[in-house]
Every structure is written in C-alpha cells, then in structure tokens.
Amino acid sequence: MFDVIKSAGLACGLLFSVSMAQAEELRIGTASLGGAFYPMGQSISNLVNKYAGGDITMVPVVTGGSVQNPRLIDSGEVEIAITNNNLAVLAVNGKGPYKTGAIEMSAVAALHPSVLHMIVLEGSDIQTIEDIKGKRVAVGPAGGGTLGFMNFLLPLHGMSMDDFTPSFLSYSDGFSQLSDGNVDAAFALSGYPAGAVMQAAAGNKLRFIDFSDGILDKALEKNGAFQAVEIPADVYGTAEPGTVIGVNNMLIVPNTLSADVVEKIVSSVFDNLEEFQAENANAKQIDPANSLKLAIPLHEGAARYFNK
C-alpha cells in the first residue's frame, strides 16, 4: 500500500514538474527607472502573465536602454526588449553602435514614440542646446538611447560631449539632480509623460530647451526615422509647449524565438489594448497599424497576428 502511495506521490510530483517546466519565463529588457520603457515593460508583462494561458510568463528587467537592448537580445540575456526604429535598423545591419556584427533579430510590434526631453529649471539661462557649453548635464545612463540622440544632434551644432560635463545617471537620478541644482540641465529619451520628469515637475517649474532656427529641420532631413513632436504645456506644467525630436519604438526578439510564443505575446497585448491603455499612459499613443510599417521585418509570429 505504501508503495502505491509513494508511486502516486512521485507521479504527482512529476506532473507538477512537467507543468512548471512548460511555463517559459521571458525577460523583457526595458531601460533605467524613471523613463517610459520600464513601466511599459511592466504593463506588457502583466498582460502576458494574465492572458498567455500559463505557457509563458514575463518579467521586466532594468537595462541601459534602447542602445543596449539589441545587444542583450544578441547575448541571450533577455528574450524580448524595447528599442527604437533607428537603432533597430543599425542593429540588424551591424552599423553604428553595433559595428561588431549584425544582430539576428526581428520586430514584434510598434509601441509609443520616444522623445528627447531637454529640460532645465524655468529660471535657467540655458535657452538652446548651444547654451549647455560649460554646463553640468545629466545625459541618462551609458548605453541608453539619450546618448545616441545627443551624439547625432551635437555635431549639427558644431559641438561634442567634451563641450560640457556629462553625468551618466538614470533618468530618475538625473532629474533629481536637476531639482537639487547639482546639474544645470537634464536630458532623457522617453515616452511622455516620463515619470522622472513628472517627479521633477511636482516641485519645480520646468522649461524645454529649444532648438536654434533650422537645426531641427536639418536633423529631420538627415535621418528620416526621426520626427518632430510637440509636447503640450499641460503635460509637465510648462509655460509653453515643447517642440522636441522623437522616434517610434518597437518590441524586438531574436529570430530564433518560437513563432507560437511570439504570437501569444502579441495577442496577449493587442487583444487587450484597452486594458493596456488604462494601465499605462504611454500605451494610449500606440497605433496597432504602425506595426505593419516598422523599419525591420516582423517576426513570423507577429506577422501571423497583424496580417490576419
């Protein structure tokens, strides 16, 4: 009798182990705390965990951001991640920050746009990007998308990172330092509203740094992946709206990830878009139709969903 009970117990344990093994945990690479990528990754994870049927689970991972995330896909440190259109093209072609080799990855879905927040306290003497010369500037974490944008924009102004003192901080820390007066300006590539900027705006009057005449047009002509975006004044309580440069974001996965898994991820998110948008303010800016207009090809699993 004991042998029967023991065998039954072993069988149950085996079934439990098999069940546990069937739930594949995926890590989604986001960015530093205080931007839009981490809460976006949290919301996507919540939807996958709720609607994927128990076959897969997902957890958000803090990373260096949109520049680093394709590298983490390549190394297998994350299975899905957020980056932007411009960087995705560079990654699959082994150019720019990815000159060590092309990355085998595909698009999953279009997300919200990220914009380059260029922020000072309202009373600052910094009016344009040229005015950050000799100043202390929070530029986001090393490996984040903010630096990629700055390295693109600064030469258009005849400048480089050597013209000011950069602080490589998370967005939360960078904007805290702005509030405390320890840096003169803070930059962050993020969707809006960005948590770090909202936190700074709660105790301070903020202002956007402007582009000098013609510079934004020159930037958009040089790179068609970028776009001009106006952030309304009521988003951060600024006296005037901000005209900033931005780029659309996307989810990416390695080409080797199962098409069935990718389709479950996409259906978990986009079949429940209203719930997604209720949980995450940036998700309100997502247009599913844009997933068919991304700069790199869709993964087979995503194509199945969006081409229905």
For this session: Check whether any side-chain heavy atom of Val120 sits under 4.5 Å from a side-chain heavy atom of Asp184, and report yes or no.
Result: no
Exercise. Mind checking whether Asn307 and Leu292 have side chains closer than 4.5 Å, heavy atoms only?
Worked result: yes
Exercise. So do the side chains of Lys135 and Asp125 get within less than 4.5 Å of each other, counting heavy atoms only?
Worked result: yes
For this session: Using atom types as modelled and distance alone, determine if a side-chain donor or acceptor of Thr128 lies under 3.5 Å from a backbone N or O of Phe211.
Result: no
For this session: List the steps and the verdict of side-chain contact (heavy atoms from CB on, under 4.5 Å) for Val244 and Tyr192.
Result: CA-CA 11 Å; Val244 297; Tyr192 68 88; over 6 Å; no
Exercise. Is Ile132 close to Met159 at the side-chain level, that is, under 4.5 Å between some pair of heavy atoms?
Worked result: yes
Exercise. Do Phe270 and Val253 belong together in a cluster built from hydrophobic side chains that touch within less than 4.5 Å?
Worked result: yes
Exercise. If you measure from CD1 on Ile119 to CG on Leu206, what distance do you get to the nearest 0.5 Å?
Worked result: 6.0 Å
For this session: Could you check whether the rings of His112 and Phe37 sit parallel, tilted or perpendicular, using 30° and 60° as the cut-offs?
Result: perpendicular
For this session: First locate atom CG of Leu294, then atom OG of Ser106, and finally report the distance between them rounded to the nearest 0.5 Å.
Result: 11.0 Å
For this session: Locate the shortest heavy-atom distance separating Met40 from Ala283; write the atom from each residue and the value.
Result: CE-N, 4.0 Å
Problem set entry | Heavy-atom donor-acceptor pair, Asn85 side chain to Val247 backbone, under 3.5 Å | no
For this session: Please answer whether the main-chain N or O of Thr57 pairs with a side-chain N or O of Glu25 as donor and acceptor at a distance below 3.5 Å.
Result: no
Problem set entry | Minimal non-hydrogen separation, Leu189 against Thr146, with atom names | N-OG1, 2.8 Å
For this session: Please test Met105 against Ile296 for side-chain contact (heavy atoms from CB on, under 4.5 Å), starting from the C-alpha separation and ending with a verdict.
Result: CA-CA 9 Å; Met105 68 183 207; Ile296 64 172; 4.2 Å; yes
Problem set entry | Check: His117 ring centre within less than 6.0 Å of Tyr236 ring centre | yes
For this session: Might you work through the side-chain contact (heavy atoms from CB on, under 4.5 Å) test for Tyr305 and Leu298, ending with a clear yes or no?
Result: CA-CA 10 Å; Tyr305 181 88; Leu298 282 173; over 6 Å; no
For this session: Tell me whether Ile73 is reachable from Ile265 by hopping between hydrophobic residues (I, L, V, M, F, W, Y) whose side-chain heavy atoms are closer than 4.5 Å.
Result: yes
Exercise. Under 4.5 Å between any side-chain heavy atoms of Leu47 and Glu275, yes or no?
Worked result: yes
Exercise. What about Leu87 and Ile245, same hydrophobic cluster or not, with Ile/Leu/Val/Met/Phe/Trp/Tyr joined at side-chain heavy-atom distances under 4.5 Å?
Worked result: no
Exercise. Taking the side chain as C-beta and beyond, is there a heavy-atom pair between Val48 and Ile28 under 4.5 Å?
Worked result: no
Exercise. Side-chain contact, heavy-atom cut-off 4.5 Å: Asn204 with Leu178?
Worked result: no
Exercise. Just by modelled atom types, is the Gln127 backbone N or O under 3.5 Å from a matching donor or acceptor in the Asp131 side chain?
Worked result: yes
Exercise. Is a side-chain N or O of Asn84 found less than 3.5 angstrom from the main chain of Asn86, in a donor-acceptor match?
Worked result: yes
Exercise. Any chain of hydrophobic side-chain contacts (each under 4.5 Å) joining Leu216 to Phe152?
Worked result: yes
For this session: Kindly work out whether a path of hydrophobic side-chain contacts (I/L/V/M/F/W/Y, heavy atoms less than 4.5 Å apart) joins Val78 to Leu26.
Result: yes
Problem set entry | Enclosure of Met198 CE (heavy-atom neighbours >12, cutoff 6.0 Å) | no
For this session: Considering non-hydrogen atoms only, spot the tightest contact between Leu156 and Ile215 and give its length.
Result: O-CD1, 3.6 Å
For this session: Rounded to the nearest 0.5 Å, what's the gap from CG on Leu153 to CG on Leu116? Could you check?
Result: 6.5 Å
For this session: Can you see which heavy atom on Tyr171 is nearest to which on Pro141, and at what distance?
Result: CE2-CD, 3.9 Å
Exercise. Taking the six-membered ring for Trp, are the ring centroids of Phe149 and Phe187 within less than 6.0 Å of each other?
Worked result: no
Exercise. For Pro97, does its backbone N or O pair with a side-chain atom of Arg71 as donor and acceptor, under 3.5 Å?
Worked result: yes
Exercise. Going by distance alone, is a donor N or O of one side chain under 3.5 Å from an acceptor N or O of the other, for Ser167 and Gln177?
Worked result: no
Exercise. Taking 4.0 angstrom as the limit, do Glu122 and Arg207 come out as a salt bridge?
Worked result: no
Seminar exercise, completed: Tightest non-hydrogen contact, residues Ser291 and Ala109, listed as OG-CA, 3.5 Å
Seminar exercise, completed: Here the gap from Ser190 atom OG to Tyr38 atom OH, rounded to the nearest 0.5 Å, amounts to 15.0 Å
Exercise. Hey, does Asp74 have a side-chain heavy atom less than 4.5 Å from the side chain of Tyr98?
Worked result: no
Exercise. Can you check side-chain contact (heavy atoms from CB on, under 4.5 Å) on Met161 and Leu154, steps first, answer last?
Worked result: CA-CA 8 Å; Met161 297 285 287; Leu154 289 172; 3.8 Å; yes
Exercise. Under 3.5 Å, is there a donor-acceptor pair between the side chain of Asp217 and the main chain of Gly214?
Worked result: no
Problem set entry | Shortest non-hydrogen separation from Val61 to Arg27 and the atoms involved | CG2-CB, 3.8 Å
Seminar exercise, completed: Value for CE (Met250) from NZ (Lys293), rounded to nearest 0.5 Å, stands at 14.0 Å
Exercise. Is the backbone N or O of Ser66 less than 3.5 Å from a side-chain atom of Thr83, with the two atoms forming a donor-acceptor pair by type?
Worked result: yes
Exercise. Tyr51 side chain to Asn46 main-chain N or O, any donor-acceptor pair under 3.5 Å?
Worked result: no
Problem set entry | Donor-acceptor contact below 3.5 Å, side chain Gln227 vs main chain Asn248 | no
For this session: Give, for atom CD1 of Ile82 and atom CG of Asn69, the distance between the pair rounded to the nearest 0.5 Å.
Result: 7.5 Å
